[in-house]
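What follows is one structure encoded as structure tokens, with my remarks underneath.
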Amino acid sequence: MNLETVLLLETVNFAAEKHKTQRRKDPEATPYINHPIGVARILSYEGGITDITVLQAALLHDTVEDTDTSLPELEAVFGATVARIVQEVTDDKALSKQERKQLQVEHAPHCSHQAKLVKLADKLYNLRDLNRCTPSGWTPQRVQEYFTWAAQVVKGLRGTNAALEEKLYQLFKERGIET
């Protein structure tokens, strides 16, 4: 087994342990770990990304935001680059939801290329998930507002990965959102 395979499996295991009690907000309460694995898969399978640090960051992208994981812990286990990418895509939960959403729009153009890749794949996964099934308690208007906001974030990520961007633009077009 090569080193990159070992690293990816260690990363998947770490993320699975950290997210083991969490569920998505869909009606089936899907295990949360499906999300970071899906984001990494979108990057590799659809985006053609083979950079191991980007794939690791995709697997870990919600650990600091949604679990007891710290950035120093990620850096100690996975290195400074992975920790930096995760930090770039992590929202500050001390801020209101509206502030966090606005900061994503403002910060998107200034992220590293690696972080932009993770953001694109994360948005693509979440938007596909919203099209597949509406989270419990969400109205059609809230879903549309999420798509509109996501389009603003994605606008700041232009020029990062043509394949992923095209798939996102198609989703926005289907919803009547200008990009």
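No hydrogens, no waters, no symmetry mates; every other heavy atom, side chains included, goes into these values. All values reported here derive from a predicted model rather than from experimental measurement.
- Residue pairs meeting the ring pair (Phe, Tyr, Trp, His ring centres under 6.0 Å) criterion with at least one partner in residues 156-179, sequence neighbours excluded, are absent.
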Residue pair Asp92, Arg100: steps toward the salt bridge (charged side-chain N to carboxylate O under 4.0 Å, His left out) verdict: CA-CA 7 Å; Asp92 181 352; Arg100 293 192 308 263; over 6 Å; no
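- Residues Val6, Leu9 make up the rest of the hydrophobic cluster containing Met1, defined by ILVMFWY side-chain heavy atoms closer than 4.5 Å, directly or through other members.
- Partners of Glu165 under the salt bridge (charged side-chain N to carboxylate O under 4.0 Å, His left out) rule, at least two apart in sequence or in another chain, do not exist in this structure.
- Applying the side chain to side chain contact (heavy atoms under 4.5 Å, CB included) test to Ser136 and every residue at least two apart in sequence or in another chain returns nothing.
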Would you list the atom pairs, donor with acceptor, under 3.5 Å between side chains in residues 141-153 and any protein atom, with sequence neighbours excluded?
{"from": "Gln141", "atom 1": "NE2", "to": "Glu145", "atom 2": "OE2", "distance (Å)": "2.8"}
{"from": "Gln144", "atom 1": "OE1", "to": "Arg175", "atom 2": "NH1", "distance (Å)": "3.2"}
{"from": "Gln144", "atom 1": "NE2", "to": "Arg175", "atom 2": "O", "distance (Å)": "3.0"}
{"from": "Thr148", "atom 1": "OG1", "to": "Gln144", "atom 2": "O", "distance (Å)": "3.0"}
{"from": "Trp149", "atom 1": "NE1", "to": "Lys101", "atom 2": "O", "distance (Å)": "3.0"}

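- Every residue meeting the salt bridge (charged side-chain N to carboxylate O under 4.0 Å, His left out) condition with Arg84, not counting sequence neighbours, appears here in chain and number order: Glu88.
- Applying the ring pair (Phe, Tyr, Trp, His ring centres under 6.0 Å) rule to pairs touching residues 75-103 yields Phe14-Phe78, sequence neighbours excluded.
- By the salt bridge (charged side-chain N to carboxylate O under 4.0 Å, His left out) test, Glu166 pairs with no residue at all, sequence neighbours left out.
- Of the N and O atoms on the side chains of Asp66 and Gln22, not one donor lies less than 3.5 Å from an acceptor on the other residue.
- Sorted by first then second residue, the ring pair (Phe, Tyr, Trp, His ring centres under 6.0 Å) pairs that include residues 24-67, not counting sequence neighbours, are His19-Tyr32, Tyr32-His35, His35-His61, His35-Tyr125.
- Between the CG atom of Leu124 and the CG atom of Asp129 there is a distance of 11.0 Å, given to the nearest 0.5 Å.
- In this structure Arg23 satisfies the side chain to side chain contact (heavy atoms under 4.5 Å, CB included) test together with Ala29, Pro31, sequence neighbours excluded.
- By the salt bridge (charged side-chain N to carboxylate O under 4.0 Å, His left out) test, Lys20 pairs with Glu17, sequence neighbours left out.
- The side chain to side chain contact (heavy atoms under 4.5 Å, CB included) test applied to His113 returns Leu117, Thr160, not counting sequence neighbours.
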